[in-house]
Amino acid sequence: MKTSWRSASLVASAAAVLALTTACGQDSPPAASQNVGATAAPGDYGSIGSGTAGTAGGAATGQPSAPSASSPSNPAGKLSVSTAEKVGKVVTDSLGLTLYRFDQDTAEPPKTNCDGDCAKTWPPVPADDAEAGEGIDKALLGTVTRADGTKQLTVGGWPAYRYAKDVNAGDVKGQGVGGKWYALAPDGKKAQGGAGGGAGGEAVQAGLSTRNDAKLGEIVVDKNGMTVYRFKKDEAWPKPVSNCSGACLEKWPLVEPVDFNDTKGIQKKGYMIFDRTDGKGKQQTINCSPIYTFAGDKAPGDTNGQGVGGTWYAVRPDGKLVGASE
């Protein structure tokens, strides 16, 4: 009887140790882990401040005081190609307004993830009367059915939008907003002009990489060059737990999964994704710590999120915090 009890105790202890050592931090971590974290309390995630670029995911920070030329009731009409300064060739509608794509949408298959307030700031382009004009390949035009049953135009599979703050033909005020919105190039890719783009204007920067910041040193950035952050109230051991949800995620958008082969200079150990439990899907980690960007960063190189609330900090390539203890 004593031998049986002792054996069972040893087995249980060994299993517990094994769970702690294999759940995270191993060289070949599991693909996913369940998030059981709570929502961050108000005030824990800081304030974006008074920017003009809107919040992450396209959430509106204010609506135009007068009806805009980009009203969702405006038909697309005959599409054409225009050349925007510093952006390059972009798709425009019959009024000359620039069309955009959203990084959180998908093209294969086409799917839109911009609804509610997002769709007020970024009106979906109706598909009903859209036709290919000069410079547009008709074969690249398609449709996607939105949650409300309406048909939205797609270009190269990407759902097309206008930007509420573009009121004149040729405006490209939506370019790069939140690091997720970009003008549509004629082939459906991102129009990024001479900003290190490849063929068709598509960015060639790795999904996650590093850059040397004058004040912070070597830090992690995403595919758009936007600074990556960690939240001190998250957990990494024995498995990733995000404590940023709801309004917090509007200010601190999660970094979606990035294949390790699409990274440069990032530590492999503890590089894994995990499943969130708030309906926001999967999130990337570095050294098992959940990572985010900041909606208050308006352009590549910005580090406005550094030290916000004493809980948000840029990330080293090994996943450690910049300028704060663990």
Original post:
Do C244 and Y292 come within less than 4.5 Å of each other through their side chains, counting heavy atoms only?
Top reply: yes
Subject >> Same apolar cluster: V172 and W181, side chain cutoff 4.5 Å >> reply: yes
Original post:
Should the pair Y161 and F102 be assigned to parallel (<30°), tilted (30 to 60°) or perpendicular (>60°) ring geometry?
Top reply: perpendicular
Original post:
Atom CG in L249, atom CD in Q283: separation rounded to 0.5 Å?
Top reply: 7.0 Å
Original post:
Side chains of T227 and I219: closer than 4.5 Å at any heavy-atom pair?
Top reply: yes
Original post:
Can you tell me if T145 and K151 form a side-chain donor-acceptor pair at under 3.5 Å?
Top reply: yes
Original post:
Between atom OG of S94 and atom NZ of K78, what is the distance when rounded to the nearest 0.5 Å?
Top reply: 10.5 Å
Subject >> No-hydrogen, no-angle side-chain donor-acceptor test under 3.5 Å, T98 and T92 >> reply: no
Original post:
With a 4.0 Å cut-off, would you call D103 and K190 a salt bridge?
Top reply: yes
Subject >> For D115, all residues meeting salt bridge (charged side-chain N to carboxylate O under 4.0 Å, His left out), sequence neighbours excluded >> reply: R146
Original post:
With D213, which residues qualify under salt bridge (charged side-chain N to carboxylate O under 4.0 Å, His left out), at least two apart?
Top reply: R211
Original post:
Do S242 and R276 have side chains that get closer than 4.5 Å, going by heavy atoms?
Top reply: yes
**OP:** Answer yes or no: is there a donor N or O on one side and an acceptor on the other, between the side chain of N212 and the main chain of G217, under 3.5 Å?
**Re:** no
**OP:** Answer with yes or no whether the hydrophobic clustering places V81 together with Y163; edges join I, L, V, M, F, W, Y residues whose side-chain heavy atoms lie under 4.5 Å apart.
**Re:** no
Subject >> Expected output: side-chain E326 to main-chain L321 donor-acceptor under 3.5 Å >> reply: yes
Original post:
Sub-3.5 Å donor-acceptor pair from the side chain of K232 to the main-chain atoms of S325, do we have one?
Top reply: yes
Original post:
When you measure from the side chain of R162 to the backbone N and O of N74, does any donor-acceptor pair fall under 3.5 Å?
Top reply: yes
Subject >> Polar side-chain atom of D129 near backbone of A76 as donor-acceptor pair, under 3.5 Å >> reply: yes
Subject >> N168 side chain to D171 backbone, donor-acceptor under 3.5 Å >> reply: no
**OP:** Heavy atoms only: give me the nearest L153-A130 pair and the separation to one decimal.
**Re:** CD1-CB, 3.9 Å
**OP:** Could you list all the ring-ring contact (aromatic ring centres under 6.0 Å, His included) pairs where at least one residue sits in residues 123-149, not counting sequence neighbours?
**Re:** none
Original post:
Heavy-atom count around K173 NZ within 6.0 Å, excluding the residue itself: above 12?
Top reply: yes
**OP:** State, yes or no, whether a side-chain contact exists between Y271 and Q284 at a heavy-atom distance under 4.5 Å.
**Re:** yes
Original post:
Are side-chain N/O atoms of S80 and E134 paired as donor and acceptor at under 3.5 Å?
Top reply: no
**OP:** Measure the shortest side-chain to side-chain distance between Y100 and W122 over non-hydrogen atoms and say whether it is less than 4.5 angstrom.
**Re:** yes
Subject >> Salt-bridge criterion met for D275 and K282 (N-O under 4.0 Å) >> reply: yes
Original post:
Rounded to the nearest 0.5 Å, what separation is found between the CZ atom of R316 and the CD1 atom of I266?
Top reply: 12.5 Å
Original post:
Ignoring hydrogens and geometry, is there a side-chain-to-backbone donor-acceptor pair from Q306 to A314 under 3.5 Å?
Top reply: yes
Original post:
Between T285 (side chain) and M272 (backbone), is there a donor-acceptor pair under 3.5 Å?
Top reply: yes
Original post:
Does a donor on one side chain and an acceptor on the other come within less than 3.5 Å for T150 and D148?
Top reply: yes
Subject >> From T293 atom OG1 to Y229 atom OH, the distance as rounded to the nearest 0.5 Å >> reply: 9.0 Å
Original post:
Can you find a pair of side-chain heavy atoms, one from D234 and one from V241, that are under 4.5 Å apart?
Top reply: no
**OP:** Please answer whether the main-chain N or O of A299 pairs with a side-chain N or O of D302 as donor and acceptor at a distance below 3.5 Å.
**Re:** yes
Subject >> Side-chain (D166) to main-chain (L97) donor-acceptor, under 3.5 angstrom >> reply: no
Subject >> Validation row: L79, E131 side chains within 4.5 angstrom (heavy atoms) >> reply: no
Original post:
W252 vs W312 aromatic rings, parallel, tilted or perpendicular, using cut-offs 30° and 60°?
Top reply: parallel
**OP:** Working to the nearest 0.5 Å, report the span between CZ of R101 and SG of C114.
**Re:** 14.5 Å
**OP:** Look at E256 together with K223 and state whether they make a salt bridge at an N to O cut-off of under 4.0 Å.
**Re:** no
Subject >> Residues clustering with M226 (ILVMFWY side chains joined when closer than 4.5 Å, directly or via others) >> reply: none
Subject >> For A132, side-chain contact (heavy atoms from CB on, under 4.5 Å) partners two or more places apart >> reply: I136, K138, L141
**OP:** Evaluate side-chain contact (heavy atoms from CB on, under 4.5 Å) for S289 paired with R230, printing each intermediate quantity in order.
**Re:** CA-CA 7 Å; S289 294; R230 276 182 49 196; 3.4 Å; yes
Original post:
Taking only residues two or more places apart in sequence, or in another chain, which ones meet D105 in a salt bridge (charged side-chain N to carboxylate O under 4.0 Å, His left out)?
Top reply: none
Subject >> Minimum side-chain heavy-atom gap K180-P253 below 4.5 Å >> reply: yes
Original post:
Are V125 and V144 co-members of a hydrophobic cluster defined by side-chain heavy atoms under 4.5 Å apart?
Top reply: no
Original post:
What distance separates L184 CG from W158 CH2, expressed to the nearest 0.5 Å?
Top reply: 9.5 Å
